[in-house]
Amino acid sequence: MIRRIEFRGGPPGNPLLHALALAGGALVFAALVLFSLVAFVVVASVIALLAAIVGIRVWWSHRRAVRRASSMEPPAGAGHVIEGEYRRVATGGDSRRERGDPER
């Protein structure tokens with residue numbers, strides 16, 4: 001005689017088995033939540049570490065460029081005074097004052 005095992009869907013009829021199934025499901029759910037939290041922390045830590053490395057590299061490159069620019073010799077003629085004359089060019093209403101005309 002061949003016994004046939006059939007699976008019935010739904011909760012078990014025995015209350016003890018029902019409680020064990022509920023507790024097992026809760027444990028599996030808690031384990032999955034904990035695993036996903038750990039995975040999130042690991043991924044976030046890797047991203048934060050990479051961002052810090054890139055940020056430090058950009059800062060270091062900028063720092064080196066500023067030091068290199070400040071240590072360069074000034075261009076030829078820098079620091080010398082350029083002498084010359086200037087003349088004020090009248091525009092619009094300023095020409096009457098220069099000629100001595102009274103204002104209206």
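Bear in mind the structure is a predicted one, so any value in this text is a computation, not a measurement. No hydrogens, no waters, no symmetry mates; every other heavy atom, side chains included, goes into these values. Along the sequence shown, the residues carry numbers beginning at 1.
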Please report the C-alpha distance between Arg57 and Ile53 in whole Å, then the side-chain angles of each, then the deciding distance to 0.1 Å, and finally whether the side chain to side chain contact (heavy atoms under 4.5 Å, CB included) criterion is met.
-> CA-CA 6 Å; Arg57 175 69 177 126; Ile53 290 171; 5.5 Å; no
Going from CG on Leu34 to CG on Leu27, what distance comes out if it is rounded to the nearest 0.5 angstrom?
->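 Going from the CG atom of Leu34 to the CG atom of Leu27 covers 12.0 Å.
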Might you confirm whether atom CZ of Arg63 has over 12 heavy atoms from other residues, nucleotides or ligands at distances under 6.0 Å?
->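 Count over threshold, so yes.
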